[in-house]
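This is a predicted model, so every value here is computed, not measured. In what follows, residues are counted from 1 in the order of the sequence shown. Values reported hereafter were calculated over all heavy atoms of this structure, with side chains retained and with hydrogens, waters and symmetry mates removed.
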Amino acid sequence: MNPEQPSEQPTASEPEPGGTPIGRRLLLGTLGLGALGVAAAPTLQRGLESFLGGAADKDPTGLTGLLPNGGGFRYYSVTSSVPKKGEDDYRLTIDGLVDRPATYTLAELRALPQTRMVRDVQCVTGWRVPDTPFEGVRLSQLLDAAGVRSSAGAVRFTCFDGAYSESLTLSQARRDDVLVALRMQDKDLSHSHGGPVRLYVAPMYFYKSAKWLSGITLTSDVRPGYWEKRGYDVDAWVGRSNGRDDEAT
């Protein structure tokens, strides 16, 4: 969820690679299970979060990821399974309308200057996790290193789950609060949270922060991502999109 050059995304009626994608209706229906949340002591919260994360890895339906946990997060995946990547086999490719295409290993990303920010995480389905630290490389730094061409106007993100994608305009991607994140809650990103590397778009609803990031492609215009093709807004500012009025993060 990496082409060497920009290409058209499949239409909503075409099958996408990877596991079986989950539709918006099924996701929103099942999220009713998570509306109540879970209240527990901090130790129990950490244990429950770890348990559900491990269970989601082994769940062939992908629905375990919709259950609430004590940390406040929901484990979402739009495929039935996601391969694990680590130090030896993770790669992030930057290509498309750039002068200097590049591929980064996990060690190379960690060696770059890191930015830490603490913001609320807001899901478009209503739940929020306050004061969540994220740390990583500013996306603008990677774009500058790649040499964005004047014909580029947007950035497309693909993921190694084989199905998920997202997009930002070039001006949105260059914001200081958009990271290629390697850490969350002051620890390395776990697989369940989209590790080892995910996108983090602080001022937008969390579906824009693509998990299991593997590709950054510069394109001429915005190409709607996985959930945008299923009805969500392309511009996903918290409190100003998708018919919601949540407080801005």
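Atom CG in Leu189 sits 9.0 Å away from atom CZ in Arg183 (nearest 0.5 Å). For the atom pair CD (Gln114) and CZ (Arg138), the distance works out to 11.0 Å, reported to the nearest 0.5 Å. Summarising the geometry, atom CD belonging to Glu135 is positioned 8.5 Å from atom CG belonging to Leu182; distances are rounded to the nearest 0.5 Å. Here the CH2-CG distance, from Trp212 to Leu199, works out to 14.0 Å after rounding to the nearest 0.5 Å. Taking OG1 of Thr169 as the reference point, atom CZ of Arg174 lies at 11.0 Å (rounded to 0.5 Å). Interatomic distance, CZ of Phe157 versus OG1 of Thr217, reported as 9.5 Å (0.5 Å rounding).
Tested against Leu170, the residues Val148, Leu97, Val222, Asp221 include a single side-chain contact (heavy atoms from CB on, under 4.5 Å) partner, Val148. Test Val238, Val124, Asp235, Leu168 against Lys208 for side-chain contact (heavy atoms from CB on, under 4.5 Å) and you get one pass: Leu168. Screening Val137, Ile216, Thr103, Leu106 for a side-chain contact (heavy atoms from CB on, under 4.5 Å) with Leu92, the sole residue that qualifies is Ile216. A side chain to side chain donor-acceptor pair (under 3.5 Å) with Tyr205 is found for one member of Asp233, Asp246, Thr125 and no other, namely Asp246.
Ser165 places a side-chain heavy atom less than 4.5 Å from the side chain of Arg156. Side-chain contact check for Leu142 versus Tyr104: some heavy-atom pair is nearer than 4.5 Å. Residues Pro196 and Lys85 are in side-chain contact: their nearest non-hydrogen atoms beyond the backbone lie under 4.5 Å apart. Looking at heavy atoms from C-beta onward, Pro133 lies in side-chain contact with Arg116 at the 4.5 angstrom threshold. Within the 4.5 Å cutoff, side-chain heavy atoms of Trp237 are placed close to those of Pro203. Proximity of Tyr90 to Leu109: side-chain heavy atoms (C-beta onward) are separated by under 4.5 Å at one or more points. Counting heavy atoms from C-beta outward, Gln141 and Asp144 have side chains that stay 4.5 Å or more apart. Two residues are said to be in side-chain contact when any heavy atoms from C-beta on lie closer than 4.5 Å; Val197 and Val180 meet this criterion.
A chain of hydrophobic side-chain contacts below 4.5 Å, direct or via other Ile, Leu, Val, Met, Phe, Trp or Tyr residues, connects Val129 to Leu179. Under a hydrophobic-cluster definition in which Ile, Leu, Val, Met, Phe, Trp and Tyr are linked whenever side-chain heavy atoms come within less than 4.5 Å, directly or via other members, Val234 and Val155 are assigned to different clusters.
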Inset, instruction - Could you please spell out the steps behind the side chain to side chain donor-acceptor pair (under 3.5 Å) verdict for Asn242 and Tyr207? - result: CA-CA 12 Å; Asn242 292 285; Tyr207 66 87; 3.0 Å; yes
Inset, instruction - Could you walk me through whether Glu87 and Arg110 pass side-chain contact (heavy atoms from CB on, under 4.5 Å), step by step? - result: CA-CA 11 Å; Glu87 195 77 41; Arg110 287 171 174 161; 2.6 Å; yes
Inset, instruction - Determine, step by step, whether Val178 and Gln172 satisfy the side-chain contact (heavy atoms from CB on, under 4.5 Å) criterion, reporting the C-alpha distance in whole Å, the side-chain angles of both residues, the deciding distance to 0.1 Å, and the verdict. - result: CA-CA 8 Å; Val178 178; Gln172 290 168 352; over 6 Å; no
Legend entry - Verdict with reasoning, Phe206 to Val201, per side-chain contact (heavy atoms from CB on, under 4.5 Å): CA-CA 7 Å; Phe206 209 32; Val201 186; over 6 Å; no
Legend entry - Step-by-step side-chain contact (heavy atoms from CB on, under 4.5 Å) determination, Arg149 to Asp99: CA-CA 7 Å; Arg149 295 177 185 171; Asp99 293 327; 3.2 Å; yes
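In this pair, Phe134 and Tyr200 present their aromatic rings parallel. The plane angle is below 30°, not in the 30 to 60° band.
Put simply, the side chain of Arg198 gets close to the backbone of Ser209: a donor and an acceptor are under 3.5 Å apart. When atom types are taken as modelled, the side chain of Arg175 and the backbone of Ser171 share no donor-acceptor pair closer than 3.5 angstrom.
Heavy-atom minimum distance, Arg119 versus Ala202: NH1-CB, 3.6 Å. Minimum heavy-atom separation, Gln122 to Thr249: CB-CG2, 4.0 Å.
Annotation: Glu247, atom CD; neighbour count of heavy atoms from other residues, nucleotides and ligands within 6.0 Å does not exceed 12.
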